[in-house]
Protein chains: 2
Amino acid sequence: MQHKLPQSNLYLREEELRRGIELLYFAYRDFTRDPDEILATSNFGRAHHRVLYFVGRNPGTTVSGLLKLLRITKQSLSRVLGQLVDEGYIVQKTGEQDRRQRLLHLTDKGELFEKELFATQRSRVAEAYKKAGPEAVSGFWEVLLNIVDEDEQGHVLNQIGK
Amino acid sequence: MQHKLPQSNLYLREEELRRGIELLYFAYRDFTRDPDEILATSNFGRAHHRVLYFVGRNPGTTVSGLLKLLRITKQSLSRVLGQLVDEGYIVQKTGEQDRRQRLLHLTDKGELFEKELFATQRSRVAEAYKKAGPEAVSGFWEVLLNIVDEDEQGHVLNQIGK
DNA sequence: TAACATATGGCAGCTTTGTTGACACAATAG
DNA sequence: CTATTGTGTCAACAAAGCTGCCATATGTTA
């Protein structure tokens, strides 16, 4: 006489959910460490990295575009963006159609620095992809995408160019 | 006459790496938002959540155990831990073998609160697992584990009970 | 043209959560 | 007995979020 054990199944499911939660935490923790170390030597922080990264990925983006992408307030962004502009990593060009806009671009210095930061994450992620194999990588993308807010998945897909 | 186009392959690989980096960022951003909102109404922050979470997962853990797991300094931990103890979410019991240790446990109040916080992430992750399917979930775990520092993967595997 | 809306920038001040360094005390280990 | 370990605490600082308010230039619309 066999029957399903619902508690047992629930327990299993909970363990699987906690596994995802914990792996996400630990992976993110380590994933940010290498660039953080480089940033610290330049008196920058993680917030500067994000701005450099997304300006590099979306040249000509506007301030409000970045605000929506990063979901932070104007003041938070303006602090780090101002420093990056002051120190010559980013330039702002007045928009041609709409002259209120400040279109953001990396300078050569900014591109160089972004490449240096990216290199650390590149090797970590490339190694992980290689060890896990292409099928695992697809699953990795798919689950992560579904963890993103449903009404934001479109933006993300658009951002990651797929 | 056919030959491989190395630049093209490199370009593709870079896009795939950036996709992982960006998905990790966006997923983590949204993943932390639901609990953050609940925490804010209790005058707690994300750091309190982590302590509640890992004490719940490792009842009887010590202060130094938590320090190693979270990789923060004693002072950072002691601030949030002190608040959680003061407000009755966590109790400290003197270790029996080693009476210098303070073994940490959630109170009933603490367990209830942890459950409430977990529920938000549970439903987000469960939904993502469901949409992506079991194979994708395996890949998700595998890539994340490989993103963790190599010399920490053992600890993590031990933590997630596998 | 006048009024409203939008994109951006700036100031003041607050909070959370990380950091360092120094010191103290109880308990354990050698 | 001495050294080390586990924990707690104080002071001070920094990064990066937040709110609220105000200013200016530019675009849009009635």
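In what follows, chains carry the letters A, B, and so on, assigned in the order in which the sequence lines appear, proteins first and then strands, with residues in each chain numbered from 1. Just so it is clear, the values below take in all heavy atoms, side chains as well, and ignore hydrogens, waters and symmetry mates. Since the structure is predicted, the reported quantities are computational estimates derived from the model, not experimental observations.
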Next item on the list: For DNA chain C, determine which residues of residues 50-63 of chain A have any heavy atom closer than 4.0 angstrom to one of its atoms, and list them numerically.
Entry: A:Thr62, A:Val63
Next item on the list: Please report, rounded to the nearest Å, how far the P atom of D:dT7 is from the CD1 atom of B:Ile90.
Entry: 14 Å
Checklist line | Basic-acidic side-chain contact under 4.0 Å: B:Arg122, B:Glu127 | finding: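 A salt bridge is absent here (no side-chain N lies under 4.0 Å from a carboxylate O).
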Next item on the list: Identify whether the distance between the nearest side-chain nitrogen and carboxylate oxygen of A:Glu142 and B:Lys130 falls below 4.0 Å.
Entry: no
Checklist line | Gap between atoms CZ and C1', on A:Arg102 and C:dT6 respectively (whole Å) | finding: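 These atoms are roughly 13 Å apart.
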Notebook entry, point to check: Taking atom types as they are modelled, is there a donor-acceptor pair under 3.5 Å from the base of C:dG18 to the side chain of B:Arg79?
Noted result: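 Such a pair is found, so the answer is yes.
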Notebook entry, point to check: With a non-hydrogen cut-off below 4.0 angstrom, is B:Gln83 in contact with a base, only sugar-phosphate, or nothing?
Noted result: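 B:Gln83: no heavy atom of the nucleic acid under 4.0 Å.
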Extract from the structure each pairing of a protein N or O with an N or O of nucleotides 28-30 of chain C at less than 3.5 Å, listing the distance.
| from | atom 1 | to | atom 2 | distance (Å) |
| --- | --- | --- | --- | --- |
| C:dT28 | OP1 | B:Arg99 | N | 3.1 |

Notebook entry, point to check: When we call it a touch if two heavy atoms are under 4.0 Å apart, what does A:Arg46 touch: a base, just sugar-phosphate, or nothing?
Noted result: sugar-phosphate
Check: So, B:Gln83 versus B:Asn43: side-chain donor-acceptor pair below 3.5 Å or not?
Finding: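 Result is no, nothing qualifies.
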Check: For C:dG18, does OP1 or OP2 lie under 4.0 Å from any side-chain N or O of B:Thr73?
Finding: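 For B:Thr73, the contact criterion (side-chain N or O under 4.0 Å from OP1 or OP2 of C:dG18) is not met.
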Check: Can you check the B:Arg33 CZ to D:dC18 P distance for me, whole Å?
Finding: 11 Å
Next item on the list: Would you kindly give the CG-to-C1' distance between B:Leu67 and D:dT5, to the nearest whole Å?
Entry: 13 Å
Next item on the list: May I ask you to check whether A:Tyr53 and A:Phe113 place their ring centers less than 6.0 Å from one another?
Entry: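 No, too far apart.
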Notebook entry, point to check: Rounded to the nearest Å, what distance is computed from the CD atom of residue B:Gln101 to the C1' atom of nucleotide C:dA27?
Noted result: 11 Å
Checklist line | A:Glu14 and B:Lys115 ion-paired at < 4.0 Å | finding: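 Answer for the salt bridge query: no.
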Note to self: In this structure, is the centre-to-centre distance between the rings of A:Phe26 and B:Phe54 below 6.0 Å?
What the structure shows: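 Ring centres of A:Phe26 and B:Phe54 closer than 6.0 Å.
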Notebook entry, point to check: Is A:Ser76 touching bases, backbone alone, or none of the nucleic acid, heavy atoms closer than 4.0 Å?
Noted result: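 Base contact - A:Ser76 has a heavy atom under 4.0 Å of at least one base atom.
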Check: Does a side chain donor of either A:Arg102 or A:Thr62 reach within less than 3.5 Å of an acceptor in the other side chain?
Finding: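 Not at all, the side chains of A:Arg102 and A:Thr62 share no donor-acceptor pair under 3.5 Å.
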Note to self: Considering every strand and a 4.0 Å limit on heavy-atom distances, what is the contact class for A:His48: base, sugar-phosphate, or nothing?
What the structure shows: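 If one applies the 4.0 Å heavy-atom cut-off, A:His48 turns out to touch the sugar-phosphate alone, with no base involved.
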Item checked: Ionic contact status for B:Arg71 with B:Glu152, cut-off 4.0 Å -> yes
Notebook entry, point to check: Heavy atoms under 4.0 Å, any strand shown: does A:Ser78 hit a base, just sugar-phosphate, or nothing?
Noted result: nothing
Item checked: side chain to side chain contact (heavy atoms under 4.5 Å, CB included) partner of B:Phe31, the single match among A:Asp149, A:Val148, A:Leu24 ->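 Among the candidates, only A:Leu24 passes.
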Item checked: Atom-to-atom span, CG of A:Leu39 to C1' of C:dT19 - whole angstrom -> 16 Å
Check: Using the benzene-type ring in the case of Trp, are the ring centres of A:Tyr89 and A:Phe44 under 6.0 Å apart?
Finding: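 Yes, the ring centres sit under 6.0 Å apart.
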Notebook entry, point to check: In terms of the nearest nucleotide of DNA chain D, which residue is placed more toward the 5' end: B:Leu81 or A:Lys74?
Noted result: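 Result of the comparison: B:Leu81.
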Check: Could you state the CD-C1' distance from A:Gln92 to D:dA25, rounded to the nearest angstrom?
Finding: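 These atoms are roughly 15 Å apart.
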Next item on the list: Using atom CG of B:Leu84 as one end and atom P of D:dG8 as the other, report the distance to the nearest whole Å.
Entry: 13 Å
